[in-house]
Amino acid sequence: MTDLRVRIAPSPTGTVHLGLCRTALFNWAYARGRSGAFILRVEDTDRTRSTAESEAAILDGLRWLGIDWDEGPGIGGPHEPYRQSERSESHERVAAQVLESGHGYRCFCTPERLDELRASQEANKETSRYDQRCRSLSREESDRRAAAGEEHVLRFRVPEGETVVRDLVRGDVRFDHAEVDDWIMVRRTGAATYNFVVVCDDIDMRISHVFRGEEHLVNTPKQVLLYGALNEEAPAFGHLPLMLGTDRKKLSKRTGDTALGDYIAKGYPREAIVNFLCLQGWALDGETEVFDTATFVENFDIADVQKAGAVFDPKKFLWLSGDTIRRMPIEELVAEVTPFLEAAGLASAGDVEARREWFERLVAGEQERIELFSELPARVRPFFEADGEVTYEEAAEKNARKHEARAEHLSAFAGWLEERSVAGEFDTESLSAGMKGWVKERELKFPALFQPLRCALTGMPGGRDLGDCITLLGLDRTRSRIEAAIQRLK
RNA sequence: GGCCCUAUCGUCUAGUCAGGCCUAGGACACCAGGUUUUCAUCCUGGCGACGGGGGUUCGAAUCCCCCUAGGGUCACCA
């Protein structure tokens with residue numbers, strides 16, 4: 001009967017938090033998997049903390065994740081505007097209605113009195129709440145004082161009884177109204193509060209399902225009460241388990257990065273971020289850990305969401321990132337990694353384009369060794385260094401020096417390489433095989449040649465196939481590096 | 001502290017709604033082997049959980065109660 005309409009309603013007050021990303025992903029997938037509409041609404045009712053930069057960052061972040069919206073700021077829609085700060089006319093109208101119907105009342109208590117009240121309640125270990133002093137004010141007195149310009153807020157007149165929140169994740173949750181405060185709907189500034197506008201806007205935008213973090217669960221009875229006061233049917237709710245830090249508390253900067261941008265900057269692939277976020281509170285089938293967004297959309301259901309909080313595991317995230325990189329087509333990997341090469345000052349996008357094949361080989365050799373795009377520059381750095389100044393890592397040099405005859409072997413090997421080159425047998429595969437033969441013919445152990453050679457060519461203790469290193473460098477540079485090593489390892 | 005939510009390997013989870021198919025499955029991490037010129041990848045194996053106590057039942061990870069533990073929330077923030 002009612003159209004499926006879900007939304008994400010971020011408040012533009014800071015960075016793009018991973019929790020927001022996951023909530024957006026779940027809402028979006030729910031809509032996309034059921035031909036529903038996905039709406040983006042900016043909750044910028046806190047004028048002092050909201051910024052345009054933050055809003056732009058959130059929109060960019062969501063787009064980066066692959067989330068698109070059918071209605072929202074910038075693209076518009078049938079329920080414009082999609083920025084709460086621009087919807088105050090509607091909010092004022094509803095506020096007047098609530099006051100008129102008696103579901104709301106003016107409260108003239110000063111902030112100071114409320115502060116004192118709260119302080120004394122806390123001192124007496126009582127529940128902190130409004131004492132309803134203005135609730136019984138007559139309508140005449142209320143109108144008179146308001147007309148006289150006395151400052152006031154608008155509170156909701158919570159009736160006796162209880163509210164049952166129907167939650168698609170948790171089932172029915174009951175709240176005794178004795179526990180629900182006569183909450184403020186409109187501030188003395190005239191600006192409406194979150195609990196008020198979220199209901200107004202969700203009604204206006206015909207939102208059918210509200211999926212949000214569990215921290216909102218205790219707000220829900222207030223909102224449900226308002227729907228009732230407005231004679232509107234409340235949407236279906238679903239409160240998602242919190243994403244927890246390793247301290248088991250709400251994910252915060254204390255225990256690690258929380259901003260999407262931090263992970264993008266570190267070089268986590270988009271697919272891995274989405275995949276990992278999906279795994280926080282939801283599972284495909286309990287067996288399959290790696291899946292793409294389309295599969296998620298096809299299979300996601302709010303009823304399958306986990307109830308308990310999910311501790312964020314950076315190790316698993318890193319593994320997923322590495323796994324994603326390993327499965328990436330090489331052209332794509334090169335494209336992803338190029339900005340990091342540029343930032344490290346190793347190569348420009350132009351360089352990469354000019355020597356496409358060489359860069360693809362360079363990157364391919366590290367594909368199974370990196371877990372983040374950002375790890376690549378350090379791993380390929382030797383290929384950009386001057387031949388006589390390759391940085392020898394301590395472990396690599398130590399390995400090389402273990403072999404007494406290193407100079408002779410390197411020298412002889414250099415000669416062999418010349419012959420191979422002349423013979424035209426200088427491809428990676430035949431070189432790799434030939435090198436092994438070279439060692440065996442001389443009845444040596446592999447490390448006798450390979451450790452000094454690896455140090456000479458890359459200065460690293462481990463890494464890609466040496467044949468690959470040689471063809472990547474070419475004969476001349478390989479020779480120069482071997483000659484330099486013979487001197488440097490004396 | 002009040003109210004609310006939650007409770008399966010260290011972590012993410014499958015199984016819980018419709019009790020037997022569960023001597024509880026998968027993944028990450030960890031450990032041990034194997035492959036490999038090295039590192040990494042990859043492969044094989046191992047370690048490892050139903051928070052505790054009562055019920056109900058022929059039978060409970062699954063249903064009920066209590067306890068305990070964790071978390072969330074108590075703003076003129078969202």
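- Of the residues near RNA chain B, A:Asp323 and A:Gly467, the one whose nearest nucleotide (by heavy atom distance) lies more toward the 5' end is A:Gly467.
- Between the side chain of A:Arg326 and the base of B:U41, no donor-acceptor pair of N or O atoms lies under 3.5 Å.
- Counting non-hydrogen atoms under 4.0 angstrom, A:Phe446 reaches the backbone sugars and phosphates but no base.
- Here the side chain of A:Trp319 is nearest to one of B:C28, B:C76, B:A78, namely B:C28.
- Protein atom CZ of A:Arg454 is 12 Å distant from nucleotide atom P of B:A40, rounded to whole Å.
- Heavy atoms of A:Lys250 sit under 4.0 angstrom from primed sugar atoms or phosphate atoms, though from no base atom.
- Atom-to-atom, CZ of A:Arg464 to C1' of B:U38 comes out at 13 Å; the value is rounded to the nearest Å.
- Note on residues 160-199 of chain A: pairs passing ring pair (Phe, Tyr, Trp, His ring centres under 6.0 Å), not counting sequence neighbours, are A:Phe156-A:Trp183, A:Tyr194-A:His216.
- Classified by interplanar angle (parallel below 30°, tilted 30° to 60°, perpendicular above 60°), the ring pair A:Phe296/A:Phe300 is tilted.
- In this structure, A:Leu466 reaches the bases: a heavy-atom distance under 4.0 Å links it to at least one base atom across the strands shown.
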Inset, instruction - Report, as a single string ordered 5' to 3', how protein heavy atoms within less than 4.0 Å touch nucleotides 9-17 of chain B: B base, S sugar-phosphate only, - not at all. - result: --BBSS---
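- Here A:Pro111 lies in heavy-atom contact (under 4.0 Å) with a base.
- At whole-Å resolution of the value, CZ in A:Arg155 and P in B:A75 are 11 Å apart.
- Across all strands, A:Thr48 comes closer than 4.0 Å to no nucleic acid atom at all (heavy-atom distances).
- In this structure A:Phe108 satisfies the ring pair (Phe, Tyr, Trp, His ring centres under 6.0 Å) test together with A:His152, sequence neighbours excluded.
- A distance of 10.0 Å separates NE2 in A:His239 from CD1 in A:Ile302, rounded to the nearest 0.5 Å.
- Close to B:C3, at under 4.0 Å from its OP1 or OP2, lies no side-chain N or O of A:Thr127.
- Remark: C1' of B:A40 and CE of A:Met460 are 13 Å apart, rounded to the nearest angstrom.
- Nucleotide B:U16 is matched to nothing when pairs are restricted to Watson-Crick or G-U wobble geometry with both distances under 3.5 angstrom.
- No aromatic stack links A:His216 and the base of B:G72, using centre distance under 5.5 Å and interplanar angle under 30°.
- The P atoms of B:U23 and B:U62 are separated by 14 Å, rounded to the nearest whole Å.
- A close approach under 4.0 Å does not occur between any side-chain nitrogen or oxygen of A:Ser128 and OP1 or OP2 of B:G2.
- Taking atom C1' on both nucleotides, B:C42 is separated from B:G48 by 24 Å, rounded to a whole Å.
- Within the nucleic acid shown, A:Leu242 comes within 4.0 Å of sugar-phosphate atoms alone, with no base atom in reach, counting heavy atoms only.
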Inset, instruction - Dump the intermediate steps for side-chain hydrogen bond (donor to acceptor under 3.5 Å, both in side chains) on A:Arg270 and A:Thr324, then the final yes or no. - result: CA-CA 9 Å; A:Arg270 188 202 133 255; A:Thr324 306; over 6 Å; no
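- Here A:Leu318 lies out of heavy-atom contact (under 4.0 Å) with every strand.
- Residues A:Val16 and A:Cys21 meet the side-chain proximity criterion, which asks for heavy atoms closer than 4.5 Å.
- Not a single donor-acceptor pair under 3.5 Å links the side chain of A:Arg157 to the backbone N or O of A:Asp182.
- With distances taken from any side-chain atom of A:Arg118 to the nucleotides B:U36, B:A75, B:A78, the minimum falls on B:A75.
- Separating the C1' atom of B:C3 from that of B:U11 is a span of 30 Å, rounded to the nearest Å.
- Remark: A:Arg170, A:Val173, A:Arg174, A:Phe175, A:Glu179 in residues 168-180 of chain A come within less than 4.0 Å of RNA chain B through at least one heavy atom.
- A:Lys316 has a carboxylate O that lies under 4.0 Å from a charged side-chain N of A:Glu289, or vice versa, which qualifies the two as a salt bridge.
- Shown for residues 368-380 of chain A: residues whose heavy atoms fall under 4.0 angstrom of RNA chain B, namely A:Glu368, A:Arg369.
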Inset, instruction - Give the intermediate values and the outcome of side-chain contact (heavy atoms from CB on, under 4.5 Å) for residues A:Leu277 and A:Met243. - result: CA-CA 9 Å; A:Leu277 254 18; A:Met243 283 174 66; 4.0 Å; yes
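- Evaluation of the side chain to side chain donor-acceptor pair (under 3.5 Å) rule for A:Glu425 yields no partner, not counting sequence neighbours.
- Summarising the geometry, the separation between CD on A:Gln223 and P on B:A78 is reported as 12 Å, rounded to the nearest angstrom.
- Both the sub-6.0 Å distance and the 45° axial angle are not jointly satisfied by A:Arg166 relative to the ring of A:Phe237.
- Rounded to a whole angstrom, the distance from the P atom of B:G25 to that of B:A61 is 14 Å.
- Distance check on atom P: B:A75 versus B:G15 gives 38 Å, rounded to whole Å.
- Within the 4.0 angstrom heavy-atom criterion, base atoms lie near A:Cys109.
- Using modelled atom types, one side-chain atom of A:Asp285 and one backbone atom of A:Glu287 make a donor-acceptor pair closer than 3.5 Å.
- Aromatic ring pairs are classed by plane angle as parallel below 30°, tilted from 30° to 60° and perpendicular above 60°; the pair A:Phe340 and A:Phe373 is tilted.
- In this structure, CD of A:Glu214 is placed 12 Å from C1' of B:G70, rounded to the nearest angstrom.
- Remark: the separation of the P atoms in B:A7 and B:G46 is 30 Å, to the nearest Å.
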Inset, instruction - Please assess A:Tyr263 against A:Thr258 for the test side-chain contact (heavy atoms from CB on, under 4.5 Å), listing each intermediate value before the final yes or no. - result: CA-CA 8 Å; A:Tyr263 292 91; A:Thr258 57; over 6 Å; no
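- Nucleotide B:G33 forms a Watson-Crick or G-U wobble pair with B:C43, both donor-acceptor distances falling under 3.5 Å.
- The side chain of A:Asn195 sits closest to B:A78 out of B:U73, B:C28, B:A78.
- Counting non-hydrogen atoms under 4.0 angstrom, A:Asn219 reaches a base of the nucleic acid.
- When both pairing distances are held under 3.5 Å, B:C3 makes a Watson-Crick or G-U pair with B:G72.
- Of the C1' atoms belonging to B:A14 and B:C58, the separation is 28 Å, rounded to the nearest Å.
- Rounded to whole Å, atom C1' of B:C42 lies 14 Å from atom CD of A:Gln367.
- How far CE of A:Met205 is from CZ of A:Arg41: 5.0 Å, rounded to the nearest 0.5 Å.
- As rounded to the nearest Å, B:C22 and B:U8 have C1' atoms that lie 12 Å from one another.
- In this entry the distance linking OH of A:Tyr130 with C1' of B:C76 reads 12 Å, nearest Å.
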